[in-house]
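Values below: all heavy atoms of this structure, side chains included; hydrogens, waters and symmetry mates excluded.
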Amino acid sequence: MTSADRLLRERTVWGLVERRAALTPDRPALYDEHRAQLSFAELRDRALRTAAYLHSLGIGPGSRVAWQLPTRISTALTMLALARLGAFQAPLIHLYREHELSVLLPAAKVDHFLVPGTWRGFDYVELAARSRTPVQPVVVGPEGLEAPVGELPPPPADPDEPRWAYATSGSSGAPKAATHSDSGLLTSAYGFTLHGRLGEQDDEVGAIPFPMGHVGGILYLSTMLIGGFPAVIVEAFDPATSTELFRRHRVTVAGGSPVFYQAILEQQRKSAEPVLPTLRLLKGGGAPLTATLYRVIRKELGVQVAHDYGMTEAPLMAVGDPADPDEVLAETDGRIIPGVQVRTIGADGLPTLPGAEGELQLLGMSVTQGYTDPALNAEAFTDDGWFRTGDLGRVGPAGHVTVTGRLKDLIIRNGENISPLELEEALQSHPEIAEVVVIGLPDAKRGERACAVVRLHDEGSTLTLDDVRDHLRATGLMTQKFPEQLEILPEIPRAGLGKAAKAELRARFSTTGADHSEQLLGERL
């Protein structure tokens with residue numbers, strides 16, 4: 001039996017729930033930190049009871065429901081229940097506040113809004129009031145909302161109808177929401193399961209340590225249903241307590257984004273024994289994985305890393321195969337999944353030569369059907385229907401994608417292009433730097449200056465800009481690419497699936513550090 005033969009193929013999310021419950025009803029599906037556990041049959045049955053309760057509120061086919069809920073079993077049940085009812089759902093991550101809600105909720109034209117009440121000391125009902133939410137929020141607590149199953153509308157029949165809207169800040173920081181269909185999301189989930197070789201082992205146990213309101217929430221749930229393996233769901237990821245939970249449930253595959261990889265790595269550095277002895281694979285996306293971090297993880301954790309490439313508008317378009325050689329996994333961001341096409345377009349608007357760098361553009365099932373604000377679509381799509389990712393990259397002969405940077409992130413200093421990703425790769429190998437983000441800031445003399453924002457292993461470190469320059473010089477990087485500014489933070493702010501909130505960092509540091517550039521001017525010229 002091949003790996004593909006083990007995987008279920010369905011075009012609707014609820015159809016997948018029913019198929020998996022019928023095939024392996026007693027196999028575990030979800031665990032949480034409160035020692036709750038559901039089998040696949042229980043997942044289906046409780047989702048039906050949740051659908052019955054939501055239907056009693058008037059939610060059914062065509063209803064437009066936003067929800068801002070933490071990563072809980074009750075949230076998974078709510079998501080699947082809305083899929084069963086054929087509602088249009090707009091998940092929102094818990095970090096969004098008045099600014100985002102005041103834009104996203106009216107754009108999605110929601111008629112119901114589900115919130116957790118007070119969670120981790122924050123009142124989401126009060127947030128809804130401050131945001132002038134047009135509907136009265138309904139509180140969904142840890143136990144969820146369930147009722148006896150009576151007469152429900154038929155499950156949705158059209159797998160291509162847009163029934164999901166996932167929010168993203170994009171590179172500009174302006175909130176917007178991309179729509180998806182069941183079939184599009186399941187295309188991504190199937191490619192993730194197939195190329196990622198998930199569920200091939202009988203003892204496979206996954207993990208969901210990231211916000212369920214991110215598009216990764218429905219993708220991971222769908223992946224579990226496709227591959228037939230359970231996952232540990234974590235309400236709020238904490239490196240120490242969550243790794244203990246993963247160890248208790250013998251997690252074999254985990255991930256989310258490079259920041260998650262780094263958190264596990266730092267936990268391992270505090271222990272003489274393996275912190276996750278059953279772990280075999282780290283997977284994720286949300287931000288590029290540097291080759292340096294890949295090699296450190298392979299050496300210190302002793303597990304495989306198979307990183308993926310995706311975004312809210314196209315949740316997964318390339319998935320890392322853990323069977324690929326190290327040199328491929330270190331230097332690429334996965335292989336193009338079935339149902340997706342990727343092309344590279346040069347600055348002249350024409351396709352590049354094979355293997356050459358260009359803007360990555362996408363076509364296929366997993367690509368968004370458009371934004372909830374139609375005015376945004378003209379800029380997002382080409383005249384022939386391809387989605388503009390805004391990412392620079394290359395496509396190899398075997399379909400492996402390598403992301404080399406962002407069009408909008410490209411720093412143009414004195415007319416010279418500087419890749420933040422290249423600088424991040426070089427700085428990641430500095431022994432004092434735990435994490436680095438490079439951003440371009442406005443500069444009156446040069447157009448832009450490069451700023452390295454870092455988190456250090458030791459908060460008491462006295463790392464200076466000169467130290468950073470010396471390290472870059474030792475790596476062989478040319479002086480013209482050195483950053484003019486260094487900012488040290490205890491934590492890097494996050495947006496979406498753990499990726500750095502670059503728009504927030506630009507706003508924060510644009511008016512500081514301009515004098516740093518003077519000391520490098522003579523050396524560069």
Tell me which pairs pass ring pair (Phe, Tyr, Trp, His ring centres under 6.0 Å) where either residue lies in [range], with sequence neighbours left out.
range: residues 391-412; value: none
range: residues 279-315; value: Tyr261-His307
range: residues 226-251; value: Tyr31-His249, Phe237-Phe260
range: residues 330-370; value: none

For the pair Asp333 and Arg394, evaluate salt bridge (charged side-chain N to carboxylate O under 4.0 Å, His left out) and give the outcome as yes or no after the intermediate values. CA-CA 10 Å; Asp333 298 282; Arg394 300 184 296 272; over 6 Å; no
Could you tell me whether the side chain of [Y] reaches within less than 4.5 Å of the side chain of [X], counting heavy atoms only?
X: Ile433; Y: Leu456; value: yes
X: Val438; Y: Val453; value: no
X: Leu69; Y: Pro91; value: no
X: Val342; Y: Val340; value: yes
X: Leu486; Y: Cys451; value: no
X: Arg250; Y: Pro277; value: no
X: Thr344; Y: Leu392; value: no
X: Ile439; Y: Leu441; value: yes

Any donor and acceptor pair, going by atom type alone, linking the side chain of [X] with main-chain N or O of [Y] inside 3.5 Å?
X: Glu204; Y: Gly199; answer: yes
X: Asp182; Y: Val13; answer: yes
X: Asp32; Y: Glu235; answer: no
X: Glu432; Y: Asp458; answer: no
X: Gln341; Y: Leu363; answer: no

Please report the interatomic distance [atom1]([X]) to [atom2]([Y]), rounded to the nearest 0.5 Å.
X: Glu33; Y: Arg248; atom1: CD; atom2: CZ; result: 9.0 Å
X: Glu504; Y: Ile492; atom1: CD; atom2: CD1; result: 10.0 Å
X: Leu276; Y: Thr278; atom1: CG; atom2: OG1; result: 6.5 Å
X: Glu200; Y: Leu194; atom1: CD; atom2: CG; result: 8.5 Å
X: Leu7; Y: Thr223; atom1: CG; atom2: OG1; result: 9.5 Å
X: Leu421; Y: Thr402; atom1: CG; atom2: OG1; result: 10.5 Å

Salt bridge [X]-[Y], side-chain N to carboxylate O under 4.0 Å:
X: Arg335; Y: Asp321; result: yes
X: Lys283; Y: Asp308; result: yes
X: Glu487; Y: Arg455; result: no
X: Asp466; Y: Arg473; result: no
X: Glu331; Y: Arg295; result: yes
X: Lys481; Y: Glu422; result: yes

For Val401 and Met317, run side-chain contact (heavy atoms from CB on, under 4.5 Å): C-alpha distance rounded to whole Å, both residues' side-chain angles, the deciding distance at 0.1 Å, then the answer. CA-CA 9 Å; Val401 175; Met317 63 209 72; 5.9 Å; no
Can you tell me if Glu327 has over 12 outside heavy atoms packed within less than 6.0 Å of its CD? yes
Take Gln369 and Thr179, measure what side-chain hydrogen bond (donor to acceptor under 3.5 Å, both in side chains) needs, and give me the verdict at the end. CA-CA 6 Å; Gln369 297 187 8; Thr179 62; 5.1 Å; no
Evaluate the side-chain contact (heavy atoms from CB on, under 4.5 Å) criterion for residues Gln361 and Phe387: first the C-alpha distance (whole Å), next the side-chain angles of each, then the deciding distance (0.1 Å), finally the verdict. CA-CA 5 Å; Gln361 296 185 355; Phe387 177 73; over 6 Å; no
Shortest non-hydrogen separation from [X] to [Y] and the atoms involved:
X: Thr193; Y: Ala189; value: OG1-O, 2.6 Å
X: Thr352; Y: Gly346; value: CG2-N, 3.5 Å
X: Ala178; Y: Thr368; value: CB-OG1, 3.5 Å
X: His180; Y: Ser366; value: CE1-O, 3.5 Å

Please collect all salt bridge (charged side-chain N to carboxylate O under 4.0 Å, His left out) contacts where either partner lies in residues 350-373, sequence neighbours excluded, each pair once. none
Applying salt bridge (charged side-chain N to carboxylate O under 4.0 Å, His left out), which residue pairs with at least one partner in residues 210-225 are found, sequence neighbours left out? none
Applying side-chain hydrogen bond (donor to acceptor under 3.5 Å, both in side chains), run through Thr71 and His94 and close with a yes or a no. CA-CA 9 Å; Thr71 304; His94 64 279; over 6 Å; no
Report the C-alpha separation of Tyr166 and Glu313 in whole Å, then their side-chain angles, then the decisive distance to 0.1 Å, and conclude whether the side-chain hydrogen bond (donor to acceptor under 3.5 Å, both in side chains) test is met. CA-CA 8 Å; Tyr166 277 95; Glu313 292 89 343; over 6 Å; no
Mind running side-chain contact (heavy atoms from CB on, under 4.5 Å) on Arg298 and Gln304 for me, showing each step along the way? CA-CA 6 Å; Arg298 290 288 284 137; Gln304 187 55 280; 3.4 Å; yes
With salt bridge (charged side-chain N to carboxylate O under 4.0 Å, His left out) as the test, would you mind laying out the steps for Asp324 and Arg197 before giving the verdict? CA-CA 11 Å; Asp324 276 343; Arg197 301 179 183 270; over 6 Å; no
Intermediate values then yes/no, side-chain hydrogen bond (donor to acceptor under 3.5 Å, both in side chains), Glu266 and Gln268: CA-CA 5 Å; Glu266 290 174 14; Gln268 183 58 65; over 6 Å; no
